Each structure stands twice: as structure tokens, then as C-alpha cells.
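Here the structure is a predicted model, which is why all the values come from computation and not from measurement. Note on naming: letters A, B, ... go to the chains in the order of the sequence lines (proteins, then strands), and numbering restarts at 1 for each one.
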Protein chains: 2
Amino acid sequence: MSRAEQREQTRRTLLRESRRLFTAKGYGAVGLSQIVNAAGVTKGALYHHFDGKAALFRAVLAQVQEEVGRRVAATADAEPDLWDQLVAGCHAFLTASADPDVQRIMLIDAPAVLGWNEWRALDEAASARHLSDALTHLIEAGVIARQPVAPLVRLLSGAMNEAALWLATSADPGDLADTKAALTRMLESLRG
Amino acid sequence: MSRAEQREQTRRTLLRESRRLFTAKGYGAVGLSQIVNAAGVTKGALYHHFDGKAALFRAVLAQVQEEVGRRVAATADAEPDLWDQLVAGCHAFLTASADPDVQRIMLIDAPAVLGWNEWRALDEAASARHLSDALTHLIEAGVIARQPVAPLVRLLSGAMNEAALWLATSADPGDLADTKAALTRMLESLRG
DNA sequence: CCTTTCGCATACCGTCAGTACGCGAAAGCT
DNA sequence: AGCTTTCGCGTACTGACGGTATGCGAAAGG
């Protein structure tokens with residue numbers, strides 16, 4: 001195996017195993033020794049690829065955010081109508097957030113580990129950007145009233161994040177439908 | 001000084017200093033040695049009063065939540081009309097969340113330190129309960145449509161938490177007014 | 001075939017949360 | 001008052017953690 005291949009494989013294994021452990025136990029409860037044991041390497045390898053525990057977490061977070069962003073964008077783009085794209089994207093975000101990786105890594109640990117400011121910047125670049133773009137286009141198209149977009153994005157993004165976490169612990173499968181209905185009603189209020 | 005007085009004073013000093021440090025640096029970046037130094041005691045005293053670092057944080061969080069709950073309830077109760085109570089309470093929550101203690105301790109660190117489940121239970125008992133009660137009363141009174149309350153509470157609670165954090169880093173003072181306006185529009189959609 | 005590169009292992013360090021135990025002063029008891 | 005018990009807290013220690021310095025051995029380059 002060539003050196004480049006070996007390097008890539010080690011890096012991918014570290015990302016995979018750390019993501020698994022972070023998801024299962026949370027950032028604080030996972031030691032570097034557990035990660036390198038699971039990956040079959042040593043701390044030397046880890047520090048050769050990443051600047052430390054937080055940097056490793058950052059790389060894992062980037063993966064998760066990229067996956068969520070792709071899923072949301074794909075679902076939204078399937079709708080021809082601009083308004084339907086917004087609704088479909090929001091529903092897709094709720095669905096994607098059912099993934100335990102998303103919940104623990106992206107919604108719970110990330111703000112505390114990276115600080116809220118950095119988390120917000122990454123969230124903006126990944127998923128919230130789609131929401132921001134959609135709302136801007138809808139305003140340009142005259143579908144919803146002209147108003148500041150930034151506060152709306154934060155309100156809606158926060159609502160969806162929190163609802164997603166709540167749905168994770170919910171026993172009643174009807175809760176997802178109820179939440180989507182309530183969220184849709186909130187969105188509809190923008191069209192009024 | 002009597003033993004009871006001494007005990008009480010040590011406990012209060014520990015709570016005060018740890019709250020100050022947690023707010024300034026965040027839970028993870030504060031060591032127990034810093035806390036006991038600031039309080040003028042030793043780790044023996046800390047472990048005599050609390051079961052550990054997480055338990056100390058829990059006690060601090062309870063303080064913060066209680067303060068926020070009181071402020072929100074007081075503002076809401078000043079309104080005679082049931083609907084105005086809801087709006088006033090939500091606005092009061094946004095205002096109260098401008099406090100750095102609330103942001104760092106209650107909104108950022110608490111979910112990661114205690115886990116989201118415990119955080120949610122405490123949040124429910126403290127501040128979200130008021131929101132839940134208000135919505136239930138409004139449904140009983142026929143002011144808003146009959147619908148599941150729990151998803152609404154999570155959506156609105158999450159929206160306000162996130163908006164509060166965003167407002168904290170906002171430079172434009174008009175953002176608060178814009179956010180309150182957007183939030184009010186969301187609430188109005190319930191009356192439709 | 002010799003040299004350089006570099007991916008990674010080994011061994012170590014400072015700091016942290018948490019624990020075991022002892023002291024000394026206040027509180028109860030006769 | 002004196003004697004004992006209680007208990008608030010200090011002291012001294014431990015294991016585990018994140019992080020660093022350094023060395024080795026195989027692949028790449030000439």
C-alpha cells in the first residue's frame with residue numbers, strides 16, 4: 001500500500017471511530033485513548049492528522065453538517081415551487097435530525113465544545129444558509145412580506161433544532177406529524 | 001459565627017464564585033482549583049457541599065433558571081389579558097436571555113454537561129412550564145385553535161433560545177426589535 | 001544504493017476531577 | 001464545667017486525561 005493510501009485510510013478510520021464514539025457517549029466522555037484503540041493506531045497518529053481533540057471533533061462535525069446540508073438541499077430542489085421548497089426543506093431538516101449523530105454532535109456538543117460563535121458560523125455555512133437563501137428568494141418574489149431575514153432564520157433554525165431533539169426522545173410516533181403541522185402553520189404565517 | 005452560619009456562607013460563596021467563572025469561561029475551561037481559590041476555601045469544602053463539579057453546575061443552573069422563571073412570570077402576570085400575557089412573557093424571556101449568565105450557563109453549557117434529557121426536564125420545570133400553561137389556557141379559552149401543546153412549546157422555546165443567543169452577538173440594536181416583531185408574528189399565526 | 005521524507009509509535013509530562021483521612025472548633029450531654 | 005460527639009473543612013494523595021518530544025522504519029526520490 002502506498003504512503004498516500006495508508007495516510008488516507010488512517011485518517012478515515014480515525015474519523016469513523018471518533019464519530020461513532022462521540023455519538024454514543026458524547027464529546028466529554030470519550031478519551032483519546034478510546035479513540036485510538038478503536039482505530040487500531042496510537043496517539044502519535046492522531047496528532048499527526050489533527051491538531052488535538054477539538055480539531056478532530058471539528059472534522060467530524062463538518063462531515064455531519066455536510067451530510068445534513070446535502071439531504072436538505074436535495075429534498076428542497078425536488079420541488080418546483082419556491083414556497084414548497086421552503087416547506088420541504090424544513091421538513092427534511094426535521095427528518096435528517098432524527099439521526100443520533102446529528103443530535104449529539106451537531107446540536108448538543110458542538111455549541112459547548114466550539115463555543116456558540118464558531119458553531120453558529122459553521123451552521124450558517126452549512127444548513128442555515130439554505131434557509132436564508134430560500135427566505136430571501138421568497139421576499140424577492142413577493143411571496144412573503146419584506147422583512148429582515150436574519151432574525152427569521154435564527155427563530156426558525158432554533159425552533160427546528162429544538163423540536164428535532166424533542167422528537168428524538170418522544171415515544172409517540174404521532175409527534176413528528178404534529179410538529180411538522182405546527183411548523184408549517186408557523187411558516188404559513190409568513191405568507192399572510 | 002455559628003456552624004450553621006459558616007456552612008451557609010461557604011456554600012453561598014462557592015455558588016457565587018463558580019457561577020461567575022462558569023459564565024466568564026464556560027464549564028469546561030474552569031478548574032475546581034480556580035473555583036476554590038476564588039472562594040477562599042479548598043476542595044475539601046467543595047466536596048463537602050456538592051457531589052462534584054457537575055453537581056455544583058447543577059446548583060448554579062437552578063439559580064439561573066429560577067431567576068429567569070421569576071422575571072418571565074412577573075412580566076406576564078402584569079398583563080390582564082391572557083393573550084397579552086403570552087406575548088409579554090415571550091418578550092420578557094428574550095430580554096432576560098440578554099444576561100450572559102443565562103446564555104453561557106443555561107443555553108450553551110447545560111445541555112452538554114447534563115445531557116439534553118436532564119436539561120429539558122429542568123427547563124420544563126422552570127421556564128417552559130409557563131409557556132406550556134399559557135398555551136393550554138389559551139386553548140381552553142378558545143383564543144387559539146385546539147392542537148397539541150407539546151410540539152408548540154418546543155418549537156417556540158427553541159426559537160427563543162436560539163434568537164437570544166444570536167442577539168447576544170448582534171451589533172445592531174435594532175435586531176432585538178426585529179426579532180420581537182418576527183416572534184410576535186409567529187405567535188399571531190396561532191390565533192388565526 | 002544511498003539519502004531524504006514522513007507516517008506513526010513510544011515514552012513522558014502537567015493538570016485535572018475525585019478520594020482518604022485527619023484536625024480542630026462548635027455543639028450536645030451529664 | 002468538663003467530657004464526648006459532631007461536622008465543617010484542610011491536607012495529601014491517586015488515576016486518568018490531553019498534549020508533547022523524540023525516535024524508528026519503511027516508502028519515495030535521485
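- A/W116 is listed as a side-chain neighbour of B/E162, based on a closest heavy-atom distance under 4.5 Å.
- One can place CD1 of B/I35 at 14 Å from C1' of C/dG18, the figure rounded to the nearest angstrom.
- In this model, the phosphate group of D/dC9 is approached by a side-chain N or O of B/Q6 to a distance below 4.0 Å at OP1 or OP2.
- Mapped onto DNA chain D by nearest heavy atom, A/A54 and B/H49 fall at different nucleotides, with B/H49 at the one closer to the 5' end.
- Summarising the geometry, the separation between CD on B/Q34 and C1' on C/dA17 is reported as 13 Å, rounded to the nearest angstrom.
- The aromatic rings of A/F57 and A/F22 stand perpendicular to each other, their planes meeting at an angle above 60°, with 30° marking the opposite boundary.
- Taking atom NZ on B/K53 and atom P on C/dA17, their separation rounds to 5 Å, with Å as the unit.
- For the pair A/E5 CD and C/dC6 P, the computed distance is 17 Å after rounding to whole Å.
- Between the CG atom of B/L32 and the P atom of C/dT15 there is a distance of 15 Å, given to the nearest Å.
- Here C/dA17 is the nucleotide among C/dA17, D/dT11, C/dC8 with the atom lying nearest to any side-chain atom of B/Y47.
- Rounded to an integer number of Å, the gap from B/N37 CG to C/dC16 C1' is 14 Å.
- Two residues are said to be in side-chain contact when any heavy atoms from C-beta on lie closer than 4.5 Å; B/D123 and B/S157 meet this criterion.
- Applying the 4.0 Å criterion to OP1 and OP2 of C/dC8, one finds that A/T10 has a side-chain N or O inside that range.
- Following rounding to the nearest Å, A/E8 (CD) and C/dC6 (C1') show an atom-to-atom distance of 16 Å.
- Side chain to side chain, A/T75 and A/H91 fail the donor-acceptor criterion of an N or O pair below 3.5 Å.
- Using a 4.0 Å heavy-atom distance criterion, A/V36 is classed as making no nucleic acid contact.
- Side-chain contact of B/H48 with B/T10: a donor-acceptor pair under 3.5 Å is absent, judged by distance alone.
- Looking at which nucleotide of DNA chain C each of B/G52 and B/S2 is closest to, the 5′-most match is held by B/G52.
- In this structure, B/H48 does not reach the D/dC9 phosphate: none of its side-chain N or O atoms is under 4.0 Å from OP1 or OP2.
- Between B/F50 atom CZ and D/dG8 atom P there is a gap of 13 Å when expressed in whole angstrom units.
- Of the candidate nucleotides D/dG19, D/dG10, D/dG8, D/dG8 has the atom nearest to the side chain of B/R7.
- Nearest-nucleotide positions on DNA chain D for B/K43 and A/R3 put B/K43 closer to the 5' end.
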